[in-house]
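Written out below as structure tokens is the structure these notes cover.
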Amino acid sequence: MPELPEVEAVRRSLDAVLTNARIADVDIRRPDLRAPFPRRFRSRLTGQTVRSLTRRAKYLLASLSSGETLVMHLGMSGSFRIESRGAAEPGRADDASEPDRHDHVVFHLSSGAIVTFNDPRRFGVMMLLTRDQLARHPVLSRLGPEPLSPDFDGAALARATRGKKTALKAALLDQRIVAGIGNIYACEALHVAALSPFRQASTIATPAGAPRAAAERLAAAIKGVLLRAIDRTSAPRYRSTRFRVYDREGEACPRSGCRGIIRRRSQAGRSTFFCPVCQL
DNA sequence: ATTGAGACCTGTCGGC
DNA sequence: TGCCGACAGGTCTCAA
């Protein structure tokens, strides 16, 4: 599920329960996810109050009263479930649902709310970092600009891809160039911008690194695609939507006037969906 | 320095 | 029905 828009939707739903909440206890049901849990994870979280819940790229950052930051990544299959324990009637079944074998971390908040992290594939990550560790983190500190921020535009994209011989789509997936885009929205944005996923990344800029029209179009397409996805994903009645090209191999290109048929090709080990007619 | 392939782990889906 | 391979929205590491 989780590229930037989905992680942002998760952040919004968690924010109301978590921000200003005190962590009463934490159940850690296994020793690791993609990486082992931090040492003394439980004791370092217990008693802390969550000051804020923000997002950077596909990471969720819960800033704690201790000064440490709980950094969470959903990997490929991570999700959170929010339940409120019916503290009122003891003896009566509360609305905490059946535990699942993939419920790995359970946060018990002093409000009575229970937040459960579920992740079947266990590609998720939880880290607990000091201010210093956060600033120096080898991955987090190298993340590229947030695509929805004002400092991400055609010029920024052109600068970041300058001289890059790699394919344009691979560049979009490189979190150091722009943060938060995954396989689906890379395909979608390239289609909106009518750019081939296979063209060399550097071709959207002049040799000096100045943006060409393609860079401006691509930056705008990225913003548009992500914004629309956030709106849809955060909507009260969320329905997983179909995409323009992703997972539509063999279907007609949705661009008006284009007669192309969407194709799928494997690129750097991932499926790329594109229209061979209008994406140049 | 890049870049592709493989690994991590489980679930689901289509084909036989 | 059951088994098997291919594939999945993310990252990391390693060899070329």
Side-chain angles (χ1 to χ4, degrees), chain A residues 1-11 29-37 55-61 71-80 99-105 117-127 129 137-144 146-147 160-191 197-203 222 225-226 228-230 232-234 238-250 262-274:
Chain A
M1 195 213 305
E3 295 185 32
L4 185 152
E6 294 78 20
V7 178
E8 177 58 24
V10 169
R11 191 201 66 77
R29 306 257 175 97
R30 49 170 302 119
D32 57 7
L33 296 172
R34 191 174 84 207
F37 286 105
R55 180 191 55 72
R56 174 78 170 103
K58 300 169 196 167
Y59 293 87
L60 290 168
L61 289 81
V71 179
M72 301 175 281
H73 193 290
L74 302 175
M76 204 86 121
S77 60
S79 64
F80 286 96
D100 177 284
R101 56 188 293 236
H102 301 302
D103 286 349
H104 304 311
V105 183
F117 179 70
N118 182 284
D119 184 7
R121 291 180 74 179
R122 273 185 268 134
F123 287 169
V125 169
M126 289 204 186
M127 310 182 270
L129 304 179
H137 189 275
V139 171
L140 293 172
S141 68
R142 288 182 177 82
L143 288 171
E146 281 293 318
T161 53
R162 177 181 177 185
K164 290 247 176 264
K165 300 211 175 148
T166 188
L168 187 51
K169 185 192 165 212
L172 292 186
L173 292 178
D174 184 340
Q175 304 295 299
R176 295 166 305 181
I177 290 180
V178 49
I181 298 175
N183 200 39
I184 293 181
Y185 297 111
C187 293
E188 296 294 288
L190 286 165
H191 184 266
F198 309 102
R199 72 191 257 161
Q200 200 170 292
S202 64
T203 59
I222 289 169
V225 159
L226 295 179
R228 263 174 279 135
I230 290 175
R232 283 193 316 240
T233 313
S234 308
Y238 167 64
R239 291 177 56 216
S240 90
T241 345
R242 303 228 43 205
F243 302 100
R244 298 167 59 94
V245 293
Y246 184 84
D247 206 19
R248 285 184 179 274
E249 183 181 23
I262 303 306
R263 291 184 41 192
R264 161 199 186 139
R265 265 173 64 181
S266 185
Q267 186 179 21
R270 328 283 314 267
S271 286
T272 293
F273 296 87
F274 66 105

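In what follows, chains carry the letters A, B, and so on, assigned in the order in which the sequence lines appear, proteins first and then strands, with residues in each chain numbered from 1.
Nearest-nucleotide mapping onto DNA chain B: of A:Arg34 and A:Arg101, the residue sitting toward the 5' end is A:Arg34. Residue A:Arg121 is the one, among A:Arg121 and A:Gln175, whose nearest nucleotide of DNA chain C lies closer to the 5' end (criterion: closest heavy atom).
For A:Arg11 and A:Phe80, the positive end is not near the middle of the six-membered ring at less than 6.0 Å and at most 45° from its axis.
In this structure, A:Glu249 places its CD atom 14 Å from P of B:dG14, rounding to the nearest Å. Rounded to a whole Å, the OH atom of A:Tyr59 is 7 Å from the C1' atom of C:dT11. Residue A:Phe243 contributes atom CZ, which lies 13 Å from atom C1' of C:dA8 at whole-angstrom precision. For the pair A:Ile184 CD1 and C:dC7 P, the interatomic distance rounds to 16 Å; values are reported in whole Å. Atoms CG (A:Asp174) and P (B:dT2) sit 9 Å apart, rounded to a whole Å. A straight line from CZ of A:Arg162 to P of B:dA1 spans 18 Å, rounded to a whole angstrom. Atoms CG (A:Leu74) and P (C:dT11) sit 10 Å apart, rounded to a whole Å. Rounded to whole Å, atom C1' of B:dG4 lies 15 Å from atom CZ of A:Phe198.
Listed pair A:Lys58 / C:dT11 meets the phosphate criterion, a side-chain N or O lying under 4.0 Å from OP1 or OP2. The phosphate of B:dT3 has OP1 or OP2 within less than 4.0 Å of a side-chain N or O from A:Thr166. An OP1 or OP2 oxygen of C:dA8 is reached within less than 4.0 angstrom by a side-chain nitrogen or oxygen of A:Ser271.
Among the nucleotides B:dT2, B:dT10, C:dG10, the one closest to the side chain of A:Arg122 is B:dT10. The A:Arg270 side chain lies nearest to C:dT11 when the options are B:dG11, C:dC7, C:dT11. Among the nucleotides B:dG4, B:dT3, C:dG10, the one closest to the side chain of A:Glu3 is C:dG10. Closest to the A:Lys165 side chain, of the nucleotides C:dG10, B:dT3, C:dA8, is B:dT3. Comparing B:dT10, C:dG9, C:dT11 against the side chain of A:Glu6 picks out C:dG9 as the nearest. Closest approach to the A:His102 side chain among B:dT3, C:dG10, B:dG11 is made by B:dG11 (side chain taken as heavy atoms from C-beta onward).
Among A:Phe273, A:Tyr185, A:Phe274, the single residue meeting the ring-ring contact (aromatic ring centres under 6.0 Å, His included) criterion with A:Tyr246 is A:Phe273. A salt bridge (Lys or Arg N to Asp or Glu O under 4.0 Å) with A:Arg55 holds for exactly one of A:Glu6, A:Glu3, A:Glu8; it is A:Glu8.
Across B:dC9 and C:dC14, the matching P atoms stand 16 Å from one another, rounded to whole Å. Atom P of C:dC7 sits at a distance of 14 Å from the matching atom of B:dA5, rounded to the whole Å. Distance noted for atom C1' between C:dG9 and B:dT3: 22 Å (whole Å).
Stacking between A:Phe123 and the base of B:dC9 is absent under the criterion of ring centres within 5.5 Å and planes under 30 degrees.
One distance of note links NE2 of A:His73 with CG of A:Asp119; it measures 10.5 Å at 0.5 Å rounding.
As the counterpart of C:dC14, B:dG4 is assigned, both hydrogen-bonding distances of the Watson-Crick or G-U wobble pattern falling under 3.5 Å. In this structure, C:dG9 makes no Watson-Crick or G-U wobble pair, since no nucleotide meets both defining distances under 3.5 angstrom.
Residues A:Asp32 and A:Arg30 are paired through a salt bridge, judged by an N-O separation under 4.0 Å between the basic side chain and the carboxylate. Using a 4.0 Å cut-off between charged nitrogen and carboxylate oxygen, A:Arg263 and A:Glu249 do not count as a salt-bridge pair.
Here A:Val139 lies in heavy-atom contact (under 4.0 Å) with sugar-phosphate atoms only. In this structure, A:Tyr185 reaches neither bases nor backbone, as no heavy-atom distance under 4.0 Å exists between it and the strands shown.
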Between A:Ser202 and A:Lys164, does the side chain to side chain donor-acceptor pair (under 3.5 Å) criterion hold? Intermediate values first, please. CA-CA 5 Å; A:Ser202 64; A:Lys164 290 247 176 264; over 6 Å; no
